[in-house]
Amino acid sequence: MKNVFQIVVLLLSTIAFSQQKEGVVTDTLGNTIENAYVYNETTKSHAHTNENGQFILDKTSDNDVLTITALGFKKKTQLVNGSEKTIILTSSSFNIEEIVISKKNNAISQIMKLDLQNSPVNSSQEILRKVPGLFIGQHGGGGKAEQIFLRGFDIDHGTDIALSVDGMPVNMVSHAHGQGYADLHFVIPETLDKIDFGKGSYYANKGDFATAGYVAFKTKEKIDNNSISLEVGKFNTIRTLGMFNLLPNNNKQSAFIASEYITFDGPYVSSQNFKRMNLFGKFTNVLEDKSKFSVTASQFSSEWTASGQIPQRLIDAGIISRFGAVDDTEGGKTSRSNLNVEYYKPISENLFFKGNTFYNNYQFELYSNFTFFLENPIDGDQIKQKENRTIYGFNGEFNKKMDNSKSSYQVGFGLRTDETKDSELSNTKNRTTTINQLKLGNISQKNYFSYINSDIELGNFTINPAVRFDYFQFSYLDKLSPTFQIDNEEKVKISPKLNFLFAPNNKVQYFLKSGLGFHSNDTRVIVSQTDKKTLPTSAGADLGTIFKPMNNLIINSALWFLQLEQEFVYVGDAGIVEPSGKTRRMGIDFGFRYQISKFINLNSDINYTYARSTEEPKGQNYIPLAPDLTSTGGISVTNYKGFSSSLNYRYLKSRPAKEDNSIVAKGYFVSDFNMNYQYKKINYGIVIENLFNTKWNETQFATESQLQNETQSVEEIHFTPGTPFFIKGKITYTF
């Protein structure tokens, strides 16, 4: 009986004194730190902070010793104190040693913070280049959204990648220039806090366009200091930036504003006359119950002229230079106003709600000429694409951690509505004269959605089953129709996901991901051509690993497969649909980050894709402009005696421009360099794009065109030349 009594006392004492420790990890400004690693040196238990900096650590009692590490912060050791729940970390240089590989489904996005420090983004065009394996190209005078390439997709301007900023969607459905059009130029790079990304369609909270992957940007809640900067460079480049902290020394509230103004003429014979203005403001308030809400408002506008895509035959004949033009009246103007409100509410110890609601007003007007005088030998083939759009909606998610378990689940729901007025496609001359209207109408598209996502932890294994439900309503009023009629369609989509993660320790994760996704078709096609697919399905899988064989080396690799039910989009340039049937892609992703010393880092990503149409005979089944081999990388020096610099490269292999590979888009290898020196409160910088003055074509298309003096059309490569050697200086004053 005495032994039984001792056992009972021991069990009761274990329950009483070995308990859970809850807390939150923040920086010195009060910003919460996601994915900090909290380790109990006494009991060997560990935990990672969630997106709100919170953690729950098992088997932890008062006076236990905790070690806390996070990328970009000094390691901290702290005794457990029952009354103290906030752990504050001090910033430091990023070290790969601080990266702890978690069991999260998007663990690879941790490396983004490292890349952003070692090679900071200095233009909105470069934001997307930070995603490993993603390439962009500009072919519309600087004001047009970039063309995107990822995993063997020529995504055009966003058809197969879902982009968002603070939960607010960027992609435009049924856009005048093409389905999924995603213009990120309203983002000021210096306002970004982190970039989350994932490849494939394996994430329940990502819906339309998330076939090749997604990229989610998060802006800062606070800034350390006020700053003003000026950049001046070749081609009449001027960029001014101001960022101002409106509520310094306030622990509960923060607010800042930022403004940016850019001019750029480009290297072209006909000046681009590019001008862009950005305004951004954000206010964040933390309430007594730890709830938090943020209000963000921004405004962006730009205008430009463009030399367009020029035919190779004119350069070969010496008629124009690489930077010349056939129709130099191309160009346009665009603007976007955004209002976004984010809210976070802890409901109980293991349950919280997060959400955002958004409103956007968007204007777009673009003039292009791809075929010159093929269709109209007198006035030319210039087209105008124009729209006035309103977007509004909300996202909400309940996140529940299971009692006495590390497992959790999320229930999400939301709505997105797009309303456009007078979406137009017209033939024009010199921008001023409308010859005839090809398309004109009002578009309405609604997307209601919900999802259930679970993370079930079984020791070192995590099983992540999920399912997403989408309901769409499509409506179009054709104003060129002789009779008034609003055409409507609706569609339901169910997208299951199933992912497996195995993390035996904090240095390695193995994963098998699978799921169905989709991209939507243009409303104008859906209501008029009901035989076309409305929401073509993508099916894919990834098998790979993220691991740290050494403290200063992190490697990621994956074998992947993706099949798309129907690869077609509304081609705004012609007002038609170009279906290309079913496609299949498979490939290999490989990347590494290696820290040679405290100051020097190496990185590289190599991506290979085999992409083919499955419904065409061999030799006729190439997917036009689908890249099969890409690579990016570089070397950087960070904060060495005040100096920071990086030398980066990007490589895109030559690829088919036609289904039979009879026309080839030439590849390129381009290098960029930057250097900065910090002296007290002033930072001096220099940026060199295309360091070795490589002659390269940024975007290329196989296009049939006809010049005014030609008797018949010619199909060949039309291209936008890449920027030659381009240098600019920068000075920033912080106060």
Side-chain angles (χ1 to χ4, degrees), residues 138-145 157 172 175-178 181 183 185 236 262-277 300-311 314 319-320 323-336 361-389 420-443 478-480 524 570-576 699 701 703-710 713 718 720:
Q138 176 58 251
H139 62 102
K144 188 176 174 183
H157 299 289
M172 305 282 186
H175 189 271
H177 188 65
Y181 187 90
D183 186 351
H185 296 157
N236 193 28
I262 299 173
T263 65
F264 179 65
D265 286 344
Y268 306 96
V269 174
S270 296
S271 172
Q272 285 190 351
N273 295 308
F274 174 73
K275 299 178 180 66
R276 184 169 79 223
M277 181 70 185
F300 140 80
S301 62
S302 68
E303 58 181 314
W304 68 97
T305 56
S307 298
Q309 299 148 31
I310 56 177
L314 287 183
I319 298 175
I320 63 174
F323 300 101
V326 176
D327 182 353
D328 60 2
T329 65
E330 296 188 37
K333 58 183 179 180
T334 185
S335 66
R336 177 168 176 159
N361 181 261
Y362 172 79
Q363 312 284 333
F364 177 84
E365 185 174 331
L366 179 69
Y367 295 87
S368 309
N369 191 344
F370 302 103
T371 55
F372 309 128
F373 293 90
L374 177 66
E375 303 295 336
N376 187 334
I378 298 175
D379 296 315
D381 299 346
Q382 187 180 87
I383 58 172
K384 176 175 73 172
Q385 296 161 314
K386 185 178 180 179
E387 69 170 54
N388 179 348
R389 177 185 299 260
T420 73
K421 182 180 180 181
D422 293 333
S423 291
E424 177 185 359
L425 173 66
S426 298
N427 290 125
T428 57
K429 182 178 180 180
N430 296 328
R431 292 202 197 186
T432 57
T433 304
T434 298
I435 299 172
N436 66 300
Q437 292 181 318
L438 302 174
K439 297 279 185 179
L440 183 67
N442 297 345
I443 301 169
D478 186 352
K479 291 190 173 182
L480 298 183
R524 289 160 288 193
Y570 176 81
V571 182
D573 304 337
I576 62 173
T699 55
F701 303 89
T703 304
E704 182 183 5
S705 65
Q706 187 168 338
L707 303 173
Q708 198 163 26
N709 62 346
E710 291 179 329
S713 63
H718 289 212
T720 299

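The structure presented is a predicted model; accordingly, all values stated were derived computationally and were not measured.
- Rounded to the nearest 0.5 Å, atoms CD (Q272) and OG1 (T263) are 11.5 Å apart.
- Taking both residues in full, the closest heavy atoms of V269 and G324 are given as CG2-CA, 4.0 Å, listed atom of the first, atom of the second, then distance.
- Ring orientation note: the planes of Y362 and H175 are tilted relative to one another, at an angle of 30° to 60°.
- Distance check, rounded to the nearest 0.5 Å: CD of E303 to OG of S335 gives 11.0 Å.
- Every residue meeting the side-chain contact (heavy atoms from CB on, under 4.5 Å) condition with N436, not counting sequence neighbours, appears here in chain and number order: N427, L438.
- R431 places a side-chain N or O within 3.5 Å of a backbone atom of T329 that can act as its donor or acceptor partner.
- In this structure, E365 contributes its side chain and G332 its backbone to no donor-acceptor pair below 3.5 Å.
- Applying the ring pair (Phe, Tyr, Trp, His ring centres under 6.0 Å) test to F373 and every residue at least two apart in sequence or in another chain returns nothing.
- The salt bridge (Lys or Arg N to Asp or Glu O under 4.0 Å) check on K479 picks up D422, with sequence neighbours excluded.
- Between the side chains of Q363 and N388, at least one donor-acceptor pair of N or O atoms lies under 3.5 Å.
- When every heavy atom of D183 is checked against every heavy atom of G143, the shortest pair comes out as OD2-O, 3.9 Å.
- At a cut-off of 3.5 Å, with distance as the only test, no side-chain donor of Q382 or N430 sits close to an acceptor on the other residue.
- Side chain of Y181 to main chain of A145: a donor-acceptor pair is present (N/O by atom type, distance under 3.5 Å, no hydrogens or angles).
- Counting only distance, with no hydrogens or angles, the side chain of S271 and the backbone of N273 share a donor-acceptor pair below 3.5 Å.
- Heavy-atom contacts from other residues, nucleotides or ligands closer than 6.0 Å to CG of L480 number more than 12.
- Using a 4.5 Å cut-off on side-chain heavy atoms (C-beta onward), I383 and T428 make no contact.
- Side-chain N/O atoms of S368 and E330 include no donor and acceptor closer than 3.5 Å.
- Within the structure, the salt bridge (Lys or Arg N to Asp or Glu O under 4.0 Å) test picks out the following pairs touching residues 366-381 (sequence neighbours left out): D379-K429.
- By the 4.5 Å heavy-atom criterion applied to side chains, K144 and L366 are counted as neighbours.
- Under the rule for a ring pair (Phe, Tyr, Trp, His ring centres under 6.0 Å), the partners of H718 that lie at least two apart in sequence or sit in another chain are F372.
- Of the possible donor and acceptor atoms, none in the side chain of S423 sits under 3.5 Å from a partner among the backbone N and O of K386.
- Side-chain atoms of T420 never come within 3.5 Å of backbone atoms of E387 as a donor-acceptor pair (strictly under, hydrogens ignored).
- In this structure, the ring of F370 has its center no less than 6.0 angstrom from the ring center of F701.
- A search for side-chain contact (heavy atoms from CB on, under 4.5 Å) contacts involving S302 returns F274, R276, F300, W304, T334, not counting sequence neighbours.
- Residues L707 and V326 meet the side-chain proximity criterion, which asks for heavy atoms closer than 4.5 Å.
- The pair E424-K384 counts as a salt bridge, with a side-chain nitrogen and a carboxylate oxygen less than 4.0 angstrom apart.
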* To do: I would like to know whether I443 and R524 meet side-chain contact (heavy atoms from CB on, under 4.5 Å); could you show each step before the answer?
  => CA-CA 8 Å; I443 301 169; R524 289 160 288 193; 3.6 Å; yes
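- Under the 4.5 Å side-chain criterion, counting only non-hydrogen atoms from C-beta, K275 is not in contact with K333.
- In plain terms, the two heavy atoms of S426 and T434 that are nearest each other are CB-CG2, 4.0 Å.
- Distance CG/D327 to CD1/I310: 13.0 Å, rounded to 0.5 Å.
- Minimum interatomic distance between A325 and I320 (heavy atoms only, all atoms of both residues): N-CD1, 4.1 Å.
- Nearest approach of Q706 to E710, heavy atoms of both residues: NE2-O, 2.9 Å.
- Note: H157 and H177 have tilted aromatic rings, judged against thresholds of 30 and 60 degrees for the angle between ring planes.
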